[in-house]
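Each chain gets a letter, A, B and so on, in the order the sequences are listed, and its residues count up from 1. Note that the structure is a prediction, hence the values are computed from the model and not measured.
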Amino acid sequence: METRFTKNVLSVVERIPSGQTLTYKEVARRAGNSGAYRAVGNILHGNHDPKIPCHRVIRSDGKTGGYNQGKKEKIKKLKSENAI
DNA sequence: CGTATGACGTGCA
DNA sequence: GTGCACGCCATAC
């Protein structure tokens, strides 16, 4: 079930350019719910679409957070595009 | 709306 | 700097 918020979040993440990283909070703010960063993580967790560069979404602490393919791969991808 | 969960964030010890 | 607890919102059951 994709609600407007979920679709928005996916769209925002999909719009993230290469080498650019956004925090869950920023994504939530762009999606229309600045305080729903918790839900953002949940949405990405349930959405494993290859068109969604979820690896470009990191935490505010500078940590990568999680990844359906493995946080290790996430870090690798980020370093590969010089985003981190 | 009730309960439970989560790839988070901030605050405080 | 590290660790723990609380809060916050959306989705699933």
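Each of B:dT10, B:dA7, C:dG7 was ranked by its minimum atom distance to the side chain of A:Leu44; first place goes to B:dA7. Nearest nucleotide to the side chain of A:Ser60, out of C:dA10, B:dT10, B:dA7: B:dT10. Nearest nucleotide to the A:Ala39 side chain, out of B:dA7, B:dG6, B:dT10: B:dG6.
Taking each heavy atom of A:Tyr67 and A:Cys54 in turn, the nearest pair found is CE1-SG, 3.5 Å. Nearest heavy atoms, A:Pro53 versus A:Glu14: CD-CA, 3.7 Å.
For A:Thr6, no side-chain nitrogen or oxygen approaches OP1 or OP2 of C:dA10 to under 4.0 Å. The shortest distance between the side-chain N/O atoms of A:Arg59 and the OP1/OP2 oxygens of B:dG9 is below 4.0 Å. In terms of phosphate contacts, A:Lys25 brings no side-chain nitrogen or oxygen within less than 4.0 Å of OP1 or OP2 of C:dC8.
Protein atom CG of A:Leu10 is 15 Å distant from nucleotide atom P of C:dA10, rounded to whole Å. At whole-Å resolution of the value, NZ in A:Lys74 and P in B:dA7 are 11 Å apart. When rounded to the nearest whole Å, the span between CD1 of A:Ile43 and P of B:dG6 equals 16 Å. Separating the CZ atom of A:Arg30 from the P atom of C:dC9 is a distance of 21 Å, rounded to the nearest angstrom. To the nearest angstrom, P of B:dA7 lies 20 Å from CG of A:Leu22. Distance A:Asp61 CG to B:dT10 P: 7 Å, rounded to the nearest Å. Residue A:Lys71 contributes atom NZ, which lies 11 Å from atom C1' of B:dA7 at whole-angstrom precision. The CZ atom of A:Arg29 sits 16 Å away from the C1' atom of B:dG9 (whole-angstrom rounding).
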| said: As a quick check of understanding, evaluate side-chain contact (heavy atoms from CB on, under 4.5 Å) for A:Glu26 and A:Tyr37, giving each step before the final call. | reply: CA-CA 8 Å; A:Glu26 285 290 294; A:Tyr37 42 77; over 6 Å; no

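Using a 4.0 Å heavy-atom cutoff across all strands shown, A:Tyr24 reaches at least one base atom of the nucleic acid.
Checking each of A:Leu44, A:Ile43, A:Leu22 against A:Val27 for a side chain to side chain contact (heavy atoms under 4.5 Å, CB included) leaves exactly one that passes, namely A:Leu22.
Residues A:Thr23 and A:Asp61 are not in side-chain contact: their nearest non-hydrogen atoms beyond the backbone lie 4.5 Å or more apart.
Between A:Asn33 and A:Tyr37, it is A:Tyr37 whose nearest contact on DNA chain C lies nearer the 5' terminus. Comparing A:Ile58 and A:Asn42 against DNA chain B, the residue whose closest nucleotide sits nearer the 5' end is A:Asn42.
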